[in-house]
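See below for the structure under consideration.
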Amino acid sequence: MATVKPRQRRTPRHEVRDRVLAAAAQVFADRGFAAASIDEVAAAAGFTKGAVYSNFGSKDELFFALLDEQIATRTALVTELSADPPADPGDLVRAAGDRLTAAMAGNREWQLLFLEYWLRALRDEPTRRRFVEYRRELLTSLTSAVADLLGDAGITDPAPARELVLLAIGLSNGLALEELPAPGTVPAGLLGDALAAYLVRPRPAAR
């Protein structure tokens, strides 16, 4: 009598995607974005190259998927403050800045990858266009989230929300550059203090 082999479990698509992304993050960190290959990502994930391409069309798509994860994680760190927001708006944005600083300091590999891709976008026009469009959409969505958070603190003017998002992104990127070669350089409360000072600064009267 012939032995019936048990049917192998087919890996769910979402699990394949998650494993490929985790592998890409590690391979990009170890090899750098430019030097890494789809073959290496596939091998690290335990799949064929075809499995990678069935979820992501290119290395660039892998990067943007990883970027989505980073943005989602950091956005959640800030929006969680709405569950029990400080009464003072300055304390609110200070707490948000402190959380972003902690996320930055604990993710050196991502900062290196982001910097490498940033330089790639500056040198390659198609990549730059896609990167700029992504960041434009990101700015819109983050401004909406921060506006809701500030609204809970009694600030309904939409201008501070957009300004704070721009400032937080710019300062986070700049401080990350300072932190990369010498971890511990950036004081824990610096970003939060800067955001709080900007929010509560005197504003010129409308003409």
Side-chain angles (χ1 to χ4, degrees), residues 11-78 97-142 165-188 190-191:
T11 307
R13 185 176 180 84
H14 70 88
E15 184 178 329
V16 174
R17 189 178 189 279
D18 290 346
R19 284 170 56 182
V20 168
L21 276 178
Q26 188 59 56
V27 172
F28 292 163
D30 292 342
R31 300 268 291 142
F33 182 83
S37 68
I38 292 293
D39 289 297
E40 290 171 321
V41 172
F47 296 118
T48 65
K49 184 165 64 174
V52 177
Y53 279 122
S54 69
N55 288 273
F56 305 96
S58 65
K59 283 201 302 180
D60 292 85
E61 287 193 14
L62 279 168
F63 169 81
F64 280 103
L66 290 170
L67 180 56
D68 283 339
E69 287 188 343
Q70 290 290 326
I71 296 299
T73 298
R74 299 187 192 199
T75 300
L77 289 174
V78 175
D98 291 349
R99 289 185 171 207
L100 292 174
T101 298
M104 172 190 70
N107 204 347
R108 186 174 186 274
E109 289 78 10
W110 168 255
Q111 299 298 341
L112 285 170
L113 173 58
F114 183 78
L115 177 59
E116 182 182 359
Y117 201 87
W118 181 289
L119 293 173
R120 172 184 169 86
L122 292 179
R123 292 167 175 154
D124 179 71
E125 182 59 24
T127 302
R128 187 194 69 80
R129 288 197 299 269
R130 182 176 183 183
F131 196 54
V132 167
E133 181 60 28
Y134 180 96
R135 291 178 68 78
R136 184 179 294 117
E137 294 174 359
L138 173 64
L139 178 60
T140 299
S141 64
L142 290 180
V165 170
L166 281 169
L167 190 63
I169 292 174
L171 287 177
S172 293
N173 289 336
L175 293 175
L177 285 177
E178 296 298 325
E179 185 77 5
L180 279 174
T185 298
V186 179
L190 181 60
L191 176 58

Inter- and intrachain pairs under salt bridge (Lys or Arg N to Asp or Glu O under 4.0 Å), touching residues 105-116, at least two apart: none
Qualifying salt bridge (Lys or Arg N to Asp or Glu O under 4.0 Å) pairs with a residue from residues 51-67, counting only residues at least two apart or across chains: Asp60-Arg120
Which residues share a salt bridge (Lys or Arg N to Asp or Glu O under 4.0 Å) with Arg17, sequence neighbours left out: none
Residues forming a ring pair (Phe, Tyr, Trp, His ring centres under 6.0 Å) with Phe33, sequence neighbours excluded: Phe28, Tyr117
Under 3.5 Å donor-acceptor, Ser54 side chain and Ala51 backbone: yes
Nearest non-hydrogen partners of Thr101 and Pro187, listed with the distance: CG2-O, 4.4 Å
Shortest non-hydrogen contact between Ile38 and Ser58, atoms and distance: CD1-C, 4.3 Å
Set of salt bridge (Lys or Arg N to Asp or Glu O under 4.0 Å) partners for Arg128, sequence neighbours left out: Glu125
Set of side chain to side chain donor-acceptor pair (under 3.5 Å) partners for Arg74, sequence neighbours left out: Gln70
Shortest non-hydrogen contact from Val41 toward Val20: CG1-O, 3.9 Å
Within residues 169-183 or reaching into it, pairs that qualify as side chain to side chain donor-acceptor pair (under 3.5 Å) - sequence neighbours excluded: none
Pairs involving residues 29-53, ordered by first then second residue, that meet salt bridge (Lys or Arg N to Asp or Glu O under 4.0 Å) (sequence neighbours left out): Arg31-Glu40, Asp39-Lys49
Exercise: identify the closest heavy-atom pair between Leu191 and Gly97: CD2-O, 3.7 Å
Any residue meeting salt bridge (Lys or Arg N to Asp or Glu O under 4.0 Å) with Arg136, in chain and number order, not counting sequence neighbours: Glu133
Aromatic ring pairing Trp118/Phe131, orientation class (parallel under 30°, perpendicular over 60°, tilted between): perpendicular
Set of residues satisfying side chain to side chain donor-acceptor pair (under 3.5 Å) with respect to Arg135, sequence neighbours excluded: none
Residues which pass side chain to side chain donor-acceptor pair (under 3.5 Å) with Thr127, listed by chain and number, not counting sequence neighbours: Asp124
Main-chain N/O of Val78 paired to Arg99 side chain as donor or acceptor, under 3.5 Å: no
Listed partners of Glu137 passing salt bridge (Lys or Arg N to Asp or Glu O under 4.0 Å), at least two apart: none
